[in-house]
Amino acid sequence: MNSFDGYREIVQQGLLELQKDIQPPSLKEQINYFLSLGGKRLRPSLLLAGCDLFNGDIDKALKPALGIELFHNFTLMHDDVMDAAPLRRSKETVHQKWDESTAILAGDAMYASAIALVARVNSRILPEIINLFCTTSIEVCEGQQLDMLFEKKENIYMDDYLEMIELKTAVLLACALKMGALIGGADEKDTDQLYQFGKNLGVAFQLQDDILDVYGNKNKFGKQVGGDIKSGKKTFLLIKAIELGDDSIKHLILKKNKTDSDINKIISIYDKLNIKKLATMEMEKCYTNALLNLYNLKNVNKYYLNQLKEFAQGMQVRES
Ligand code: IPE
Ligand code: IPE
Ligand code: MG
Ligand code: MG
Ligand code: MG
């Protein structure tokens, strides 16, 4: 029987194999640097788990799983440029260590390699897999663009925020699970249900990322804590604080070069309004919705279903 630790190990080994022959040679150093920084390998693990749920052959799912992880790493490399982030997985980001052009090109090359890997499936399901992957890629771009646009806007509704995180983050988790289901031979109803599970899981995951961005432990989180506040990101925490009627925060968040003292003032407003608790409750609600989707799955392997439930439950207490 396979476990989530096992999936991660299989993915790690697969990535190491890939890293020997990264293309193009002129960007190999940067791509290998980024892929060697670690990461939870969540999405490829979910893809393999999705395949196991339907008693599929996970050997057939490995190449697409590696493709999904490469795609994820490409989005992170470009995201770090957009967010002007100095740290990723506790190390310098690529644009910081080299420069922006290098980060853009290394990301592009990873994206192209990702497509080639995702396409390594049975020709019977290839059109659906490619269609799913392209649709997801475009949705991620849309989500990222909304994320950037919202930085400049003063008032963002919670529903718009939720739509934005569904696009930038949740659809990729859903896509990974759906690919696993398709490779594993699931029927349409179960495939759709697993996709919905991935979306709810992904929304919960991004809410948690927003909470950790303010309240995480820097050494464990591996990213700059307070980065979202610094760049004026419209997160659940900020939107909630504004909703609860604290206008002083609006003035602070719009300041161009925020000092540590500005950031601390914003965090003390969050604390006063009990924002961490409210965000955590919303996150838990989304995890619960995700788990409910799992109960609707019909033709699945019970052992792997149970394992996926436990894994999703465990994700609620992650620190990185
Ligand atoms: C980071 O994803 C980007 C978000 C969607 C929050 P992960 O938290 O999965 O990053 P790694 O791959 O484990 O570093
Ligand atoms: C990540 O959003 C979404 C994508 C990379 C597509 P964030 O900007 O919150 O991710 P982190 O916090 O930098 O990992
Ligand atoms: Mg970012
Ligand atoms: Mg971002
Ligand atoms: Mg974040």
Side-chain angles (χ1 to χ4, degrees), residues 4 7-8 11-12 15 33-47 65-66 68-96 103 107 110-111 114 136-151 161-177 198-199 201-216 218 220-238 279 283 286 311-312 314-320:
F4 269 87
Y7 296 143
R8 189 171 191 281
V11 171
Q12 282 300 106
L15 286 172
Y33 166 79
F34 204 70
L35 292 175
S36 303
L37 297 179
K40 297 178 287 298
R41 313 304 190 205
L42 172 66
R43 296 151 190 82
S45 297
L46 288 174
L47 194 154
L66 297 174
I68 289 291
E69 182 61 18
L70 268 191
F71 175 80
H72 164 62
N73 280 268
F74 138 68
T75 69
L76 294 183
M77 207 182 269
H78 281 195
D79 176 74
D80 287 338
V81 174
M82 294 182 247
D83 292 346
L87 278 182
R88 170 70 60 189
R89 298 168 176 161
S90 300
K91 294 274 163 45
E92 268 183 298
T93 47
V94 170
H95 69 93
Q96 178 98 355
M110 277 197 278
Y111 186 25
T136 305
S137 305
I138 292 169
E139 285 172 335
V140 172
C141 291
E142 188 181 2
Q144 287 288 76
Q145 174 63 3
L146 291 175
D147 174 284
M148 301 309 295
L149 226 77
F150 290 178
E151 267 185 28
Y161 161 82
L162 290 170
E163 192 201 344
M164 180 273 282
I165 65 170
E166 186 172 311
L167 290 164
K168 77 167 178 174
T169 300
V171 294
L172 185 57
L173 274 71
C175 164
L177 284 153
K199 267 213 222 170
L201 189 73
V203 168
F205 186 81
Q206 184 62 50
L207 281 164
Q208 198 171 13
D209 182 70
D210 288 1
I211 299 169
L212 289 169
D213 202 280
V214 178
Y215 293 103
K218 186 187 163 199
K220 291 183 182 154
F221 189 44
K223 299 184 273 196
Q224 179 188 41
V225 173
D228 285 347
I229 295 182
K230 208 169 182 178
S231 52
K233 290 275 184 229
K234 300 301 177 300
T235 62
F236 180 94
L237 296 88
L238 178 63
M283 174 198 89
C286 294
F311 181 75
M315 276 171 66
Q316 300 190 47
V317 292
R318 75 186 172 102
E319 290 185 285
S320 71

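Note that ligands are numbered from 1 as they come in the structure, with each ligand's atoms numbered from 1 the same way. Side chains are part of it too, since the values below use all heavy atoms of this structure and drop only hydrogens, waters and symmetry mates.
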### Task
Mind listing the closest non-hydrogen atom pair of Ala170 and Val203 along with its distance?
CB-N, 3.6 Å
### Task
Compute the shortest N/O to N/O distance between Arg43 and ligand 1 and return yes if it is under 3.5 Å, no if not.
yes
May I have a table of the N/O to N/O pairs between ligand 2 and the protein that fall below 3.5 Å, each row giving the two atom names and the distance to 0.1 Å?
unit_1   : atom_1 : unit_2 : atom_2 : d
ligand 2 : 2 (O)  : Lys168 : NZ     : 3.2
ligand 2 : 8 (O)  : Asp79  : OD1    : 3.1
ligand 2 : 8 (O)  : Asp79  : OD2    : 3.0
ligand 2 : 8 (O)  : Asp83  : OD2    : 2.8
ligand 2 : 9 (O)  : Gln206 : NE2    : 3.3
ligand 2 : 9 (O)  : Asp209 : OD2    : 3.1
ligand 2 : 12 (O) : Asp209 : OD2    : 3.1
ligand 2 : 12 (O) : Lys223 : NZ     : 2.8
ligand 2 : 13 (O) : Asp79  : OD2    : 2.9
ligand 2 : 13 (O) : Arg88  : NH2    : 2.9
ligand 2 : 14 (O) : Arg88  : NH1    : 2.8
ligand 2 : 14 (O) : Arg88  : NH2    : 3.2
ligand 2 : 14 (O) : Lys223 : NZ     : 2.6

### Message
Against Lys223, only a single residue in Asp209, Asp80, Thr93, Asp213 fulfils side-chain hydrogen bond (donor to acceptor under 3.5 Å, both in side chains); can you say which?
### Response
Asp209
### Query
Can the positive tip of Arg89 be found less than 6.0 Å from the middle of the six-membered ring of Phe34, inside 45° of the ring normal?
yes
### Task
Please determine if Asp79 and Lys168 form a salt bridge, counting it only when a charged side-chain N lies under 4.0 Å from a carboxylate O.
no
### Set of residues satisfying ring-ring contact (aromatic ring centres under 6.0 Å, His included) with respect to Phe236, sequence neighbours excluded
none
### Summary
Those residues at least two apart in sequence (or on a different chain) that pass ring-ring contact (aromatic ring centres under 6.0 Å, His included) with His78 are Phe74
### Query
Does any non-hydrogen side-chain atom of Leu87 lie less than 4.5 Å from one of Glu92?
no
### Query
In the protein, how many N/O/S atoms are under 2.8 Å from the Mg ion (ligand 5)?
1
#### Entry: Any donor-acceptor N or O pair under 3.5 Å, side chains Gln144, Asp147
no
### Message
Show the nearest heavy-atom pair for residues Glu151 and Asp83, with the distance to one decimal.
### Response
OE2-OD1, 4.4 Å
### Over 12 non-hydrogen atoms of neighbours within 6.0 angstrom of NZ in Lys40
yes
